[in-house]
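Heads up, the thing below is written out as structure tokens.
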Amino acid sequence: MTDGIVWDPLHRELDRWQAAGRVARFWLRDDDAVEPTPALETLMALARQSKVPLTLAVIPGLTGEALAARLVEEAAVAVAVHGWSHTNHAGPEAKKQELGGERPADVMLGELREGFRLLQRLHPARFLPVLVPPWNRIDAALIPTLPALGFAALSVYGRAKQDGPMPLLNTHVDIIDWHGTRGGRGEAELVAELVAELADRFAGSDEPIGVLTHHLVHDVAAWDFLSALFAVTTRHPAVCWSSASELLEHIA
């Protein structure tokens, strides 16, 4: 229920933006797309009905023509490069990552080059030259080499640093409880995070707020939250849901 007390802090914060004549920019990134699935259909239908542009971080090494054929019909869906195969190469005690320091840089860059070209070929009308590293982690030494592969931006998690080696189009609010239920997080906790991100932007940051989803693991709580979030924000004049391509024009 979007009119319940749990959503009141977000309503109040957005009303503050409206009173100041300001508009907050949001964008939606969903990770791990590979092929058409019922969960992906649910996500695309929800985004379409709410007129929210959707960016799918697609795993190049696991995808193919089926997803490409399905997305031809979805004008408001963009495709970014989600690493190569979403394979963990880190040691047993380290945080998972595909693009870490465990492998030679030329091997990883070769995979990224192949993934870039593959998705560009499969999705010519909706391809974005944006790298989304699996698990939102990448060896810092690789980042300066990404523009030479054709990448225009990097998308990880957390507030963007201003002096990095390439533009960042980050996400900030992850709706999945990865360390607990591995389903949707609680509404109150997520609303509080959204309000905190909005307060940061109100104070001066112009970074768009990225909402991160993973359609393949969504449970009822995740779908309900996303539906409620779209209902609140798309009706409010202080919010604009932007496409990643629009945002790239501002950060590149």
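Below, all heavy atoms of this structure are taken into account, side chains as well, without hydrogens, waters or symmetry copies.
- Ring-centre distance between H214 and W178: below the 6.0 Å cut-off.
- Scanning all heavy atoms of the two residues, the minimum distance from A153 to I251 falls at CB-CD1, 4.2 Å.
- Side-chain contact check for I176 versus H218: some heavy-atom pair is nearer than 4.5 Å.
- Distance CD/E13 to NE2/H236: 10.0 Å, rounded to 0.5 Å.
- Counting all heavy atoms, side chain and backbone alike, V191 lies closest to P9 at CG1-CB, 4.3 Å.
- Across all non-hydrogen atoms, the minimal contact from P60 to G115 is CB-CA, 3.6 Å.
- Using a cutoff of 4.0 Å between basic side-chain nitrogens and carboxylate oxygens, E41 and R70 are scored as salt-bridged.
- Distance check, rounded to the nearest 0.5 Å: CG of L109 to CG of L146 gives 7.0 Å.
- In this structure, L168 is a member of the same hydrophobic cluster as I138, with clusters built from ILVMFWY side-chain heavy atoms closer than 4.5 Å.
- Taking the ring centroids of H86 and H82, they lie under the 6.0 Å cut-off.
- Looking at H215 and D31, their side chains never bring a donor and an acceptor atom within 3.5 Å of each other.
- Formation of a donor-acceptor pair under 3.5 Å by the E246 side chain with backbone atoms of S243 is found in this model.
- In the hydrophobic clustering of ILVMFWY residues, with side-chain heavy atoms under 4.5 Å counting as a link, L62 and L67 come out apart.
- Atom CH2 of W27 and atom OG of S155 lie 3.5 Å apart (nearest 0.5 Å).
- R25 and E207 are not joined by a salt bridge, as no carboxylate oxygen comes within less than 4.0 angstrom of a charged side-chain nitrogen.
- With hydrogens and angles left out, the side-chain atoms of E98 and S85 include a donor and acceptor closer than 3.5 Å.
- Here the NE2-CG distance, from H89 to L99, works out to 8.5 Å after rounding to the nearest 0.5 Å.
- The main-chain N or O of E197 is found under 3.5 Å from a side-chain atom of R201 such that the two form a donor-acceptor pair.
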Note to self: side-chain contact (heavy atoms from CB on, under 4.5 Å), that's the test. Do M44 and V77 meet it? Break it down for me.
What the structure shows: CA-CA 8 Å; M44 292 194 298; V77 176; 4.3 Å; yes

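- In summary, the aromatic rings of Y157 and W135 are positioned with their centroids too far apart to meet the 6.0 Å limit.
- Remark: side-chain polar atoms of T171 are not paired, donor with acceptor, to backbone N or O of G210 under 3.5 angstrom.
- K51 is not listed as a side-chain neighbour of T234, based on a closest heavy-atom distance of 4.5 Å or more.
- Put simply, the residue from V52, T55, L229, L46 that forms a side chain to side chain contact (heavy atoms under 4.5 Å, CB included) with L28 is V52.
- Side chain of N170 to main chain of V156: a donor-acceptor pair is present (N/O by atom type, distance under 3.5 Å, no hydrogens or angles).
- A single hydrophobic cluster is not seen to contain both L54 and I59; linkage of ILVMFWY side chains at heavy-atom distances under 4.5 Å, directly or through other members, places them apart.
- Classification of D200 and R159 as a salt-bridged pair holds, one side-chain N sitting under 4.0 Å from a carboxylate O.
- Counting only heavy atoms from C-beta outward, the side chains of V211 and R29 never approach each other to under 4.5 Å.
- Nearest heavy-atom pair across L40 and E35 is CD2-O, 3.8 Å.
- Taking hydrophobic clusters as Ile, Leu, Val, Met, Phe, Trp and Tyr residues chained together by side-chain heavy-atom distances below 4.5 Å, V232 shares a cluster with F202.
- For R16, the CZ atom sits in a packed shell: over 12 heavy atoms of surrounding residues, nucleotides or ligands are nearer than 6.0 Å.
- What you find for L142 and T145 is that their closest heavy atoms are O-OG1, 2.5 Å.
- Taking 4.5 Å as the limit, every side-chain heavy atom of L154 sits out of range of all side-chain heavy atoms of V130.
- Nearest heavy atoms, R185 versus D174: NH1-O, 2.7 Å.
- Here the CG atom belonging to L198 is positioned 6.5 Å from the CG atom belonging to L194, to the nearest 0.5 angstrom.
- Residues V239 and L190 are members of one and the same hydrophobic cluster, defined by side-chain heavy-atom contacts under 4.5 angstrom among Ile, Leu, Val, Met, Phe, Trp and Tyr.
- At least one side-chain heavy atom of L43 sits less than 4.5 Å from a side-chain heavy atom of W223.
- Side chains of L226 and T213 form a contact here, defined as non-hydrogen atoms less than 4.5 Å apart.
- W241 and F26 have tilted rings, their planes meeting at an angle from 30° to 60° on a 0 to 90° scale.
- Here the side chains of E187 and W7 are in contact, with some heavy-atom distance below 4.5 Å.
- Note that the CD atom of Q97 and the OG1 atom of T87 stand 13.0 Å from one another [nearest 0.5 Å].
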Check: After noting the C-alpha distance and the side-chain angles of L212 and V173, does the key distance pass the side-chain contact (heavy atoms from CB on, under 4.5 Å) rule?
Finding: CA-CA 6 Å; L212 177 58; V173 179; over 6 Å; no

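- Here the side chains of L131 and F151 are in contact, with some heavy-atom distance below 4.5 Å.
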